[in-house]
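Single-structure report; data block below.
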Amino acid sequence: MDFDDAVLHLVKQIPMGRVTTYGALAKALGKPKAARAVGGALNKNPDPVRVPCHRVVRSDGSVGGYVLGAERKIELLDSEHILVKNRKIRSLKDFLFKDFKPMD
DNA sequence: TCATTGGCTATCA
DNA sequence: CTGATAGCCAATG
């Protein structure tokens, strides 16, 4: 199990209408400072079907980046009733999903 | 093993 | 609020 696989595993369990941050994922992995590594993992595994990477945003509420384009990411978020304003999530903390399972 | 890179985060001006 | 800086982590070559 590589680090990126663990990240994908967590992102995969994000339910519809929910979001999370790279830092939250890193923290769930036991490395609260590995936010960058998390992002790198998602970037290395572009799998928008199995892994809803578009539901992962930055801690400050900005959507951050996206392999398919930040604009595309925003569109997806907006399609999941997650309100985005000028590339920034409004109530990120309201949709923030952090009930991750440390897998097995 | 070292250097680079990447979808980050926190702090300061 | 925007921009710059420094820190931190993992994958790759």
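Proteins come first, then strands; the chains are lettered A, B, ... in the order of their sequence lines, and each starts at number 1. Quantities reported herein were computed from a predicted structural model and do not represent experimental measurements. Just so you know, these numbers use all the heavy atoms, side chains as well, and skip hydrogens, waters and symmetry mates.
Distance A:Leu8 CG to B:dG7 P: 14 Å, rounded to the nearest Å. Distance A:Tyr22 OH to C:dA10 C1': 16 Å, rounded to the nearest Å. Atom pair A:Tyr66:OH and B:dG7:P shows a separation of 13 Å (rounding to whole Å applied). Remark: P of B:dC8 and CZ of A:Arg87 are 14 Å apart, rounded to the nearest angstrom. B:dT9 atom P lies 10 Å from atom CG of A:Leu25, rounded to whole Å. One atom, CG of A:Asn43, and another, P of C:dA10, lie 17 Å apart when rounded to the nearest Å. Atom pair A:Phe3:CZ and C:dA10:P shows a separation of 6 Å (rounding to whole Å applied). Regarding A:Lys44, its NZ atom lies at a distance of 10 Å from the C1' atom of C:dA10, rounded to whole Å.
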Pair A:Tyr22-A:Val7, side-chain contact (heavy atoms from CB on, under 4.5 Å): steps then yes or no: CA-CA 9 Å; A:Tyr22 303 94; A:Val7 175; over 6 Å; no
Taking it one step at a time, do A:Leu25 and A:Val11 satisfy side-chain contact (heavy atoms from CB on, under 4.5 Å)? CA-CA 8 Å; A:Leu25 291 170; A:Val11 176; 3.7 Å; yes
Steps toward side-chain contact (heavy atoms from CB on, under 4.5 Å) verdict (A:Val57, A:Leu92): CA-CA 9 Å; A:Val57 297; A:Leu92 166 62; 3.5 Å; yes
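Using atom C1' as the reference point in both C:dC8 and B:dG6, the two lie 13 Å apart (nearest Å). C:dG13 and B:dT1 are spaced 12 Å apart, taking the C1' atom of each and rounding to whole Å.
A:Gly40 comes within 4.0 angstrom of no nucleic acid atom, judged by non-hydrogen atoms across all strands. Residue contacts shown for A:Val56 include a base, since a base heavy atom lies under 4.0 Å away. Residue A:Ala37 is in base contact, counting any heavy-atom pair closer than 4.0 Å across all strands shown.
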With 3.5 Å as the limit, what N/O pairs link the protein to nucleotides 3-5 of chain C?
none

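The shortest distance between the side-chain N/O atoms of A:Lys31 and the OP1/OP2 oxygens of C:dA10 is below 4.0 Å. Taking side-chain N and O atoms only, A:Ser59 has a distance below 4.0 Å to OP1 or OP2 of B:dA10. Under 4.0 angstrom from either OP1 or OP2 of B:dC8 there lies at least one side-chain N or O belonging to A:Arg58.
Comment: A:Glu71 engages A:Arg87 in a salt bridge, judged by a side-chain N to carboxylate O separation of less than 4.0 angstrom.
Two rings, from A:Phe95 and A:His81, have their centers less than 6.0 Å apart.
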Dot-bracket for DNA chain C: what is it, with Watson-Crick or G-U pairs under 3.5 Å, [ ] where a pair crosses earlier ones, and | for a pair to another strand? .||||||.|||||
